[in-house]
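To start, the structure under review is shown below, and the notes come after it.
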Amino acid sequence: MEHILLIEDDDTIARGLVYSLEQEGWAVTWKPTLSQGKKALAEDRFDLLLADVGLPDGSGYDLCTAAKCRGVPVIFATARGDEGSVVLGLDLGADDYIVKPFRLRELASRIRAVLRRAAGEREQLAQLGDLTVDLQKAQVNRKGELIPLTALEYRLLLTFLAHPGQTLTRGQLLEGLWDVAGNFVNDNTLSVYIKRLRGKIESPQGPSILTVRGIGYRLEENGDAAK
Ligand code: CA
């Protein structure tokens, strides 16, 4: 069941929405403030954020970055239908925008469309702890920040990704690097690339590359979990 986080400070609207969305078959968590919304986003996994813009402790827009960093699509539902608000919301990366008062059936169909699109995009993304690898753009991000990798480093990361949870021999890793390097990457150079990749991608909440003595290396999704 897909889980929607609803941020709405108006009790009546919120209760109506929770009821209707649950009727559509979604699980709904409702939070009335920006701060509670941020807390929920940090603590739980959601498939979609449906947020009001005018909240007692700030703007719903402040949730957009937090949600998008976690790969959660965002729909804003707000009474502010002026063009400036719509553009701002979409510029922040919102997936859709609906102006109050709206028809519940229209909202439900927009939610379905956004969820479908997000599912398609997720297939192009690999998550390693707090690291996101965008396989389509060949980019690596941590909390929305781009981590620049060289072609060889990226290729090395892809080789690990292609064999989840497996220990790869130095030979297997060298094979993975062959065609991008265009020339032979020797055994010593591999150690250098591993070291550089570690320096770029490892973090307490992120992946780590473990040395398996006498065999090779293994990529752990979450450094802390592995220890
Ligand atoms: Ca409001």
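One-based numbering, in listed order, for ligands and for the atoms of each. A quick note: this is a predicted structure, and the numbers were derived from the prediction, not measured.
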**Report entry** Distance (rounded to the nearest 0.5 Å) between E22 CD and M1 CE
**Finding:**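 Between E22 CD and M1 CE, I get 8.5 Å after rounding to 0.5 Å.
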
Query raised in the report: Are L21 and Y97 linked, directly or through other ILVMFWY residues, by side chains that come within less than 4.5 angstrom of each other?
Result: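 No, L21 and Y97 fall in different hydrophobic clusters.
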
Query raised in the report: Which residue pairs satisfy the salt bridge (Lys or Arg N to Asp or Glu O under 4.0 Å) criterion with at least one member in residues 139-148, sequence neighbours excluded?
Result: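 Passing the test, one end in residues 139-148: D130-R142.
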
Below 3.5 Å, can you tabulate the donor-acceptor pairs from side chains in residues 3-12 to any protein atom, sequence neighbours excluded?
unit_1 : atom_1 : unit_2 : atom_2 : d
H3     : NE2    : T29    : OG1    : 2.6
E8     : OE1    : K100   : NZ     : 2.9
E8     : OE2    : D10    : N      : 2.9
D10    : OD1    : T12    : N      : 3.0
D10    : OD1    : I13    : N      : 3.0
D11    : OD2    : R15    : NH2    : 3.1

Query raised in the report: Does E106 CD have over 12 foreign heavy atoms under 6.0 Å away?
Result: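 Result for CD/E106: enclosed.
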
Query raised in the report: So how many protein N, O or S atoms does the Ca ion (ligand 1) have within less than 3.0 Å?
Result: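 For the Ca ion (ligand 1), the figure is 3.
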
Query - With sequence neighbours excluded, residues passing side-chain contact (heavy atoms from CB on, under 4.5 Å) with Q166 - result: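 By the side-chain contact (heavy atoms from CB on, under 4.5 Å) rule, Q166 matches H163, L168.
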
